[in-house]
Amino acid sequence: CCAGLRNLLQGLRFATKYYYKHNPPQTMCPYSKIKPKKCHILDCSESTCTHRTAPPGSILPCRFFSCKEGTKIPSKRKQNTSIITSDLLHKNLLKSEQKNWNDISPTYKAMTKRIKEKLEELHNMYTLNSGSPKMRFGENVYFEENGCIFLAKADDVDEGNADILFSIEDLGFSDAFIQRIRISPDQSYMAISLKSENSEEATCIIMKLGNFPVVEKVIPSVFSFEWAANDVLYYTTQKNLKCQNVFMTTFTYQKHTNLVYTEQDARFFVDLYCTKDRRFLTINSNSKTTSEVWLVDCRHPFESPALVQARTTGVIYHIEHRKEQLYILTTYGEPAEYKAILADNYIHRINLDTSSSGKENWQLVYALEKKTKLVDFEMFSDDCIMFLKNAGHLYLSVISFVSHSVQSIKLPTWACEFELESHPEHTTSTCYFQLSSPVHPPKRFAYSFKENNLIEQAVQEVPIITNCHTTRLLAKSKDETLVPITVFHNKNSKELHRRPLLVHVYGAYGIDLHMSFKEEKLMLIEEGWILAYCHVRGGGEQGLSWHRDGCQHNKLKGLHDLRACIMLLHELGFSQPKHTALAAASAGGVLAGALCNTDPALIRAMVLQAPFVDVLNTMMKTHLPLTIEEQEEWGNPLEDEKCMKYIKSYCPYQNIKPQCYPSVFITAYENDERIPLTGILQYVQKLRKAALDHASRKSKKGNWIPNIILDVQANGSHCDSSWEHSLDE
């Protein structure tokens with residue numbers, strides 16, 4: 001069976017594909033419930049139609065398993081001279097940069113060796129001791145370690161008595177890793193998604209469990225999947241970074257696969273989620289600003305999905321369920337932040353319109369305070385727990401449906417990131433989660449609903465970080481808005497103004513800066529560096545309004561915020577410009593690259609990973625897979641001249657000019673599906689020429705010329721990669 005599966009997967013060319021950040025990067029990933037979830041393994045939880053004959057999201061009867069009626073097979077276009085010339089230019093630029101990197105990289109050999117040894121030491125000390133999350137179903141416990149999935153009895157799991165259900169290595173795919181696991185309600189089937197680092201598409205493998213687990217089915221190009229019943233699996237397929245089709249497949253009696261939903265609006269991305277009590281499977285169609293949810297009744301998984309509320313521009317909502325009541329988490333109403341609403345009579349269509357006759361059945365359960373970010377939430381039988389962020393601090397808000405009370409708990413001041421553990425049983429009385437920061441390894445906590453208290457879990461002995469100080473600051477931006485900064489430095493460091501400073505920025509898509517534990521951040525602290533995280537507008541650190549204030553025609557506010565943050569750090573004695581470096585990834589490259597053009601004297605170096613640096617040209621190319629849906633973040637320069645001029649005013653590539661630039665190091669990926677490599681190659685060439693032009697005009701003796709280096713990785717993808725690949729980078 002394994003040999004047959006290996007041949008099948010090889011036939012699907014699986015070995016050359018696959019990735020990830022919880023999540024959701026977490027860069028341009030879609031919503032899963034509330035946030036783009038990091039897809040950790042135990043989380044239970046383009047063409048444009050001119051004449052549209054169906055609504056934006058269409059439910060298809062099970063019998064319609066064919067392609068859309070009237071779909072045309074695209075004909076191959078003849079390659080014209082301009083395309084050939086462009087392709088040749090791209091190859092020449094790439095070849096030139098690869099030669100440049102091969103000439104330069106040996107210079108850093110000794111430094112690389114030292115850093116690699118130190119990171120391996122820290123990884124072995126902290127990460128390997130943290131253990132893997134475990135998922136409990138009754139008396140059975142499932143967990144993943146080193147590419148294997150194990151099953152153990154709850155009483156034996158700590159004794160090391162476990163059976164192997166699945167092994168990647170046995171199938172001959174050591175370069176792949178397990179992204180997600182879903183166990184069917186009766187534990188008779190297990191669905192697993194596998195990825196490698198070279199693609200964002202995954203392959204789903206369905207195992208029939210029992211005394212001798214066997215592979216039941218293999219489904220390529222899958223994004224999300226959930227069990228609607230013991231032998232009924234719903235899944236979405238991914239193509240060109242888009243998820244627009246939902247399928248249902250069965251495994252007993254009359255086995256069949258049907259297309260049940262299709263999304264026709266290119267701005268929307270479809271994923272699946274099961275409510276905590278497994279009463280409903282939700283089909284969630286989300287754009288950057290609007291959402292729509294369809295419900296599949298898990299008691300009748302073959303019936304057509306029911307629409308909760310037709311999409312309303314600017315309104316996002318998500319669904320949970322408990323005790324025959326529907327709970328809606330929505331941005332509807334003022335202020336446009338998340339609110340928890342109880343909707344009675346949910347069998348009837350729910351309407352968000354204020355004139356709706358159903359509105360009198362709505363009850364406001366909880367509303368967020370101003371400038372508060374809802375990071376995640378989890379529904380239990382008698383309680384709901386919300387993970388919140390306000391001014392950089394993390395909180396828990398526990399809503400009791402029994403006592404009708406809300407309890408707020410402030411979490412440790414060093415904590416910057418939540419990681420909610422899997423809770424398949426909604427009747428549990430304890431919620432488990434992990435807290436971490438860039439320099440603090442994950443620490444496990446539990447909240448007891450019965451005792452109403454927070455408990456720090458005793459785990460394997462892991463060294464405690466005691467020499468790192470955490471400071472939170474507020475910088476005043478150009479329009480007087482206060483921008484949060486989180487700063488880490490060694491308590492024993494003296495003369496901080498002489499210490500090197502690494503500033504981090506993102507500021508896009510309403511996504512927070514990634515602040516979970518990284519060995520390299522702790523290494524920098526131990527070596528005397530200062531780390532600063534600037535929570536600028538455009539990100540999501542202070543709620544949805546914080547994002548709205550930094551996107552489209554407000555994008556320059558994020559740049560003003562970043563400038564104010566760096567200037568405040570220097571004013572307070574945290575390093576100085578000649579010892580300051582700026583780090584950004586993906587869309588964070590827009591603000592970092594813009595600052596490099598407007599205020600190059602504020603920093604000495606800039607480090608970018610898969611950066612978005614050519615906004616204007618990218619947003620003009622509608623054939624690229626993400627351009628249409630990205631218009632809600634950047635605007636549409638093709639139809640709006642003001643938008644075009646505005647993008648041009650801050651776009652890093654468009655504003656390069658001869659001046660004294662900082663040194664720049666960029667990592668890019670040859671097969672990146674999100675950020676076209678051509679744009680990065682042209683950016684590096686233009687930046688290098690501008691720096692050299694400036695140096696040639698200044699004939700001063702000893703005139704400084706910055707290093708501008710591009711490392712193009714043949715492997716890897718836009719999203720986070722494995723530990724081994726990250727270590728090499």
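Keep in mind the model is a prediction, meaning the values are calculated, not measured. Scope of the values below: all heavy atoms of this structure, side chains included, with no hydrogens, waters or symmetry mates.
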Open item on the list: Just checking Glu670: does its CD atom have more than 12 heavy atoms from other residues, nucleotides or ligands closer to it than 6.0 angstrom?
Closed with: yes

Open item on the list: Any non-hydrogen side-chain atom of Thr112 less than 4.5 Å from a side-chain atom of Lys109?
Closed with: no

Open item on the list: Restricting to non-hydrogen atoms, name the atom on Tyr366 and the atom on Met386 that form the minimum distance, rounded to 0.1 Å.
Closed with: CD2-SD, 3.7 Å

Task: Greater than 12 external heavy atoms within 6.0 Å of Met567's CE - done: no

TODO: Please name the pair of heavy atoms, one in Ile675 and one in Asp672, separated by the smallest distance, quoted to 0.1 Å.
DONE: N-OD1, 3.2 Å

Open item on the list: Rounded at 0.5 Å granularity, tell me how far NE2 in His489 sits from CG in Leu496.
Closed with: 5.5 Å

- [ ] Please answer whether the main-chain N or O of Asn597 pairs with a side-chain N or O of Gln659 as donor and acceptor at a distance below 3.5 Å.
- [x] yes

Task: Polar side-chain atom of Glu541 near backbone of Leu513 as donor-acceptor pair, under 3.5 Å - done: yes

Open item on the list: Quick one, Trp414 and Leu435 - any side-chain contact, counting heavy atoms below 4.5 Å?
Closed with: yes

Open item on the list: Are Asp728 and Lys116 packed together at the side-chain level, in the sense that at least one heavy-atom pair is separated by less than 4.5 angstrom?
Closed with: yes

- [ ] Let me see the working for Lys476 and Glu480 under salt bridge (Lys or Arg N to Asp or Glu O under 4.0 Å), right down to the final yes or no.
- [x] CA-CA 5 Å; Lys476 188 176 288 188; Glu480 305 290 302; 3.7 Å; yes

- [ ] For the pair Trp101 and Phe665, name the ring-plane relationship: parallel under 30°, tilted 30 to 60°, perpendicular over 60°.
- [x] perpendicular

Open item on the list: Between His440 and Glu417, is there a side-chain donor-acceptor contact under 3.5 Å, judged purely by atom types and distance?
Closed with: no

Task: Interatomic spacing from CG in Leu591 to SG in Cys596 - rounded to 0.5 Å - done: 12.5 Å

Task: Salt bridge flag under 4.0 Å for residues Asp561 and Arg537 - done: yes

TODO: In plain terms, say whether Lys113 and Glu117 are close enough for a salt bridge, that is, a side-chain N and a carboxylate O under 4.0 Å apart.
DONE: yes

- [ ] Could you label the plane-to-plane angle of the Phe488 and Tyr533 rings as parallel, tilted or perpendicular, counting under 30° as parallel and over 60° as perpendicular?
- [x] perpendicular

Task: Glu527 side, atom CD; Leu522 side, atom CG - distance, nearest 0.5 Å - done: 10.0 Å

Open item on the list: A side-chain contact here means heavy atoms from C-beta on lying under 4.5 Å apart; do Asn707 and Ile104 qualify?
Closed with: no

Task: Donor-acceptor pair, side chain of Lys389 and main chain of Leu394, under 3.5 angstrom - done: no

- [ ] Check whether any side-chain heavy atom of Ile178 lies under 4.5 Å from a side-chain heavy atom of Ile168, and answer yes or no.
- [x] yes

TODO: Walk me through it: do His570 and Leu501 pass the test side-chain contact (heavy atoms from CB on, under 4.5 Å)?
DONE: CA-CA 10 Å; His570 292 159; Leu501 166 66; 4.2 Å; yes

- [ ] Could you label the plane-to-plane angle of the Tyr506 and Tyr509 rings as parallel, tilted or perpendicular, counting under 30° as parallel and over 60° as perpendicular?
- [x] tilted

- [ ] For Arg180 and Ser193, indicate whether the former's side chain and the latter's backbone hold a donor-acceptor pair under 3.5 Å.
- [x] no

Task: Check ion pair Lys276-Glu378 (N to O, under 4.0 angstrom) - done: yes

Open item on the list: Show the nearest heavy-atom pair for residues Gly510 and His547, with the distance to one decimal.
Closed with: N-CD2, 3.0 Å

- [ ] Let me see the working for His535 and Met515 under side-chain contact (heavy atoms from CB on, under 4.5 Å), right down to the final yes or no.
- [x] CA-CA 11 Å; His535 310 293; Met515 295 187 70; 3.4 Å; yes

Task: Least distance between heavy atoms, Gly507 atom then Val536 atom - done: CA-CG2, 3.7 Å

Open item on the list: Using only atom types and a distance under 3.5 Å, with no angle test, would you say the side chain of Ser575 pairs donor to acceptor with the backbone of Arg499?
Closed with: yes

Open item on the list: How close do Leu502 and Leu524 get, counting heavy atoms only, and between which atoms?
Closed with: CD2-CD1, 3.8 Å

- [ ] Taking the side chain as every heavy atom from C-beta outward, state whether Tyr447 and Val398 have any atom pair closer than 4.5 Å.
- [x] yes

- [ ] Identify whether the distance between the nearest side-chain nitrogen and carboxylate oxygen of Lys370 and Glu337 falls below 4.0 Å.
- [x] no

- [ ] Report, as yes or no, whether the 6.0 Å neighbourhood of atom CG on Asp103 holds more than 12 heavy atoms from other residues, nucleotides or ligands.
- [x] yes

Task: From CA spacing to verdict: side-chain contact (heavy atoms from CB on, under 4.5 Å), Gln576, His579 - done: CA-CA 6 Å; Gln576 50 190 298; His579 298 316; 3.7 Å; yes

Open item on the list: Regarding Glu421 and Arg444, does a basic nitrogen lie under 4.0 Å from an acidic carboxylate oxygen?
Closed with: yes

Task: Pro438 side chain reached by Lys518 side chain, heavy atoms, under 4.5 Å - done: no

Open item on the list: If I take atom CZ from residue Phe387 and atom CG from residue Leu420, how far apart are they, to the nearest 0.5 angstrom?
Closed with: 4.5 Å

Open item on the list: Looking at Leu595, is its backbone amide N or carbonyl O close enough to the side chain of Asp599 to form a donor-acceptor pair, meaning the two atoms are under 3.5 Å apart?
Closed with: no

- [ ] Any chance you could lay out the side chain to side chain donor-acceptor pair (under 3.5 Å) test for His504 and Lys521, step after step, and finish with the verdict?
- [x] CA-CA 11 Å; His504 303 76; Lys521 307 304 181 187; 2.9 Å; yes

Open item on the list: Do Leu559 and Thr598 make a side-chain contact, defined as non-hydrogen atoms from C-beta onward lying under 4.5 Å apart?
Closed with: yes

TODO: Could you grab the distance from atom CZ of Arg674 to atom OH of Tyr669, nearest 0.5 Å is fine?
DONE: 13.5 Å

Task: Closest contact, heavy atoms only, Ala152 versus Asn161 - done: CB-O, 3.3 Å

Task: Atom pair CD1/CZ of Ile680 and Phe612 - distance to nearest 0.5 Å - done: 10.5 Å

